[in-house]
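Worksheet: one structure, shown below.
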2 protein chains.
Amino acid sequence: MKLADPPMPETSGRRRRKDARPSEIAAAALAVFAEKGFAAARLEDVAARAGVAKGTVYLYFSTKEALFEAVVRDAFRPLLDGVGRARMDTSTSCADQLRGVLTIVYRELVATERRQIMRLLIAEAERFPDLVSFYHREIVSRGRGLLAAILADGVARGEFRDGPAVRQPEVVIGPAIMAAVWKLVFEPVEPLDLDRYAAAHLDLVMAGLSAREEAPPQVRGSARHAPRSRRAT
Amino acid sequence: MKLADPPMPETSGRRRRKDARPSEIAAAALAVFAEKGFAAARLEDVAARAGVAKGTVYLYFSTKEALFEAVVRDAFRPLLDGVGRARMDTSTSCADQLRGVLTIVYRELVATERRQIMRLLIAEAERFPDLVSFYHREIVSRGRGLLAAILADGVARGEFRDGPAVRQPEVVIGPAIMAAVWKLVFEPVEPLDLDRYAAAHLDLVMAGLSAREEAPPQVRGSARHAPRSRRAT
DNA sequence: CGGGTTAGTGACCGGTTGGTCAGTCAAAAG
DNA sequence: CTTTTGACTGACCAACCGGTCACTAACCCG
């Protein structure tokens with residue numbers, strides 16, 4: 001496109017509009033979808049919010065489904081490489097790495113309007129299986145990989161206790177997801193103090209993972225007598 | 001009505017139908033709403049699934065919104081008193097009480113189709129604020145009260161460590177909510193082994209709460225920097 | 001300036017669907 | 001048997017909305 005364009009920047013007035021339109025429309029569409037859901041969102045509202053006529057939407061998106069998919073796909077784009085880069089330097093303790101990851105989740109997902117994407121994904125999951133696959137591949141499995149690596153490393157270093165939670169890293173971020181859901185549903189009724197909540201989450205998880213010198217808890221019948229490989233400090 | 005009706009039981013064949021209809025329609029509506037969402041669900045589908053004509057639905061529910069609210073409200077009715085009764089006898093240890101509550105959540109919410117109610121509530125939360133208030137009042141705040149009581153009792157008995165998580169009981173069930181969401185969204189892509197997951201959840205929570213020995217008052221998450229073996233796997 | 005290009009428009013169409021209501025008919029009443 | 005009741009029906013209506021397309025006008029270039 002832009003390659004081999006020696007003389008002038010081709011973005012003149014009219015042209016600049018054309019380049020800007022798709023993202024303008026996408027932003028408007030995201031707002032409307034988040035507010036109304038897919039089925040109840042009206043294309044005319046999207047157009048109006050973007051400051052264009054309804055026909056213009058169809059210049060850039062062939063159908064309502066296509067618009068929805070494009071919008072929801074791109075909503076996490078800015079975070080995608082962030083997740084990739086998130087492999088922090090291994091010099092810090094695993095506990096701190098874990099703290100860092102959870103803090104990012106709270107700051108970038110739970111606390112921002114991006115959680116509306118979660119609502120859309122939950123609501124329309126079975127109408128848009130491709131979208132679900134995309135998110136699973138690009139976000140969820142990567143995130144879990146990162147988490148699993150940190151936990152495994154923590155066990156290897158003797159920071160963390162080996163146990164079922166290490167092999168089920170989802171458990172560790174579960175409370176954060178619940179916080180996002182809570183804010184999506186109950187925020188008007190009973191708002192959630194995210195700082196306090198996140199602190200409690202961190203506290204519980206750290207205490208639950210950390211390897212104690214005193215190994216065996218009196219937790220009876222935990223159905224899991226795995227060898228606590230406590231690589232003592 | 002029924003008073004002063006000496007001769008015969010008035011529930012004859014025709015009458016019995018009238019009594020049965022609302023719940024039949026409600027059951028059908030729940031299925032259709034769960035499958036399609038509120039906006040995309042068609043009243044004719046509901047009627048067909050209930051084995052009646054469309055007009056019949058309007059004999060019992062004045063509008064589509066009313067039908068939705070009635071259906072979603074009643075979906076948890078059978079569990080309501082269950083939650084109330086769930087104040088287990090205080091003879092068992094608080095750890096066991098907590099285990100019991102979480103097990104019930106997994107068995108009655110996460111593992112059953114009832115989690116579809118969660119999807120509906122999340123998806124339509126801002127279109128039905130009354131419904132949200134209802135659930136918050138009848139289910140969520142009761143459940144949290146129960147949890148908080150168990151945790152506080154556990155602290156008093158010296159079973160649990162006092163800490164921020166005790167004052168934020170939501171954190172403790174967070175992973176279960178996440179499991180429900182996971183199954184709602186990613187089940188077709190990557191199914192979740194609920195037993196393994198629940199075991200990991202229990203393990204993490206019990207370890208995170210249990211008071212070890214004399215418990216250093218505030219661990220502040222073992223920020224030990226011990227880069228003893230910086231080798232990754 | 002004028003002809004050509006193209007982003008943008010909005011009236012319109014057709015299918016869908018929430019909601020209505022005049023009518024049907026089985027059972028209860030007499 | 002006839003009459004009355006009321007649960008149930010489904011054709012119908014009107015509004016709504018996704019998608020189309022003939023048209024407009026802003027812009028570019030010679």
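In what follows, chains are A, B, ... by sequence order, proteins preceding strands, each numbered from 1. These figures come from a predicted structure and were not determined experimentally. Just so you know, these numbers use all the heavy atoms, side chains as well, and skip hydrogens, waters and symmetry mates.
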Step by step, would you call A:Gln168 with B:Asp193 a side-chain contact (heavy atoms from CB on, under 4.5 Å)? CA-CA 10 Å; A:Gln168 209 83 43; B:Asp193 181 340; 5.7 Å; no

Can you find a donor-acceptor pair, distance only, under 3.5 Å between B:Lys64 side chain and C:dG19 base? no

Among C:dG19, D:dC8, D:dG19, which nucleotide has an atom closest to any side-chain atom of B:Tyr60? D:dC8

With a cut-off of less than 4.0 Å, is there a side-chain N or O of B:Thr63 near OP1 or OP2 of C:dG19? yes

Whether A:Arg127 engages the ring of A:Phe38 as a cation-pi pair (distance to the six-membered ring centre under 6.0 angstrom, angle to the ring normal within 45°) should be assessed. no

Contact nearer the 5' end of DNA chain C, comparing A:Thr56 with A:Glu44: A:Thr56

Can you establish whether the number of heavy atoms outside A:Glu44 located under 6.0 Å from its atom CD is more than 12? no

Looking for any heavy atom pair under 4.0 Å, which part of the strands does B:Ala40 touch: base, sugar-phosphate only, or nothing? nothing

Would you sort out whether B:Val110 and B:Trp182 count as a side-chain contact (heavy atoms from CB on, under 4.5 Å), showing the intermediate values? CA-CA 10 Å; B:Val110 186; B:Trp182 181 288; over 6 Å; no

Out of C:dT17, C:dT20, D:dC8, which nucleotide sits closest to the side chain of B:Arg42? C:dT17

When we call it a touch if two heavy atoms are under 4.0 Å apart, what does A:Ala41 touch: a base, just sugar-phosphate, or nothing? sugar-phosphate

Exactly one of A:Phe134, A:Tyr135, A:Phe68 should register a ring pair (Phe, Tyr, Trp, His ring centres under 6.0 Å) with A:Phe128. Which one does? A:Phe68

Rounded to whole angstroms, how far apart are CZ on A:Phe68 and C1' on D:dG18? 16 Å

In whole angstrom, give the distance that lies between atom NZ of B:Lys36 and atom C1' of C:dT17. 13 Å

Please give, in whole Å, the distance from C:dT17 P to B:Tyr58 OH? 12 Å

Side-chain atoms of B:Val52 come closest, of D:dA11, D:dT9, C:dG8, to D:dT9

Length of the line joining B:Lys54:NZ and D:dC8:C1', which is rounded to integer Å: 15 Å

Of the candidate nucleotides D:dG10, D:dC8, C:dT20, which contains the atom at the shortest distance from the side chain of B:Leu59? D:dC8

Winner on side-chain proximity to A:Leu43, out of D:dG18, C:dT20, D:dC8, is D:dG18

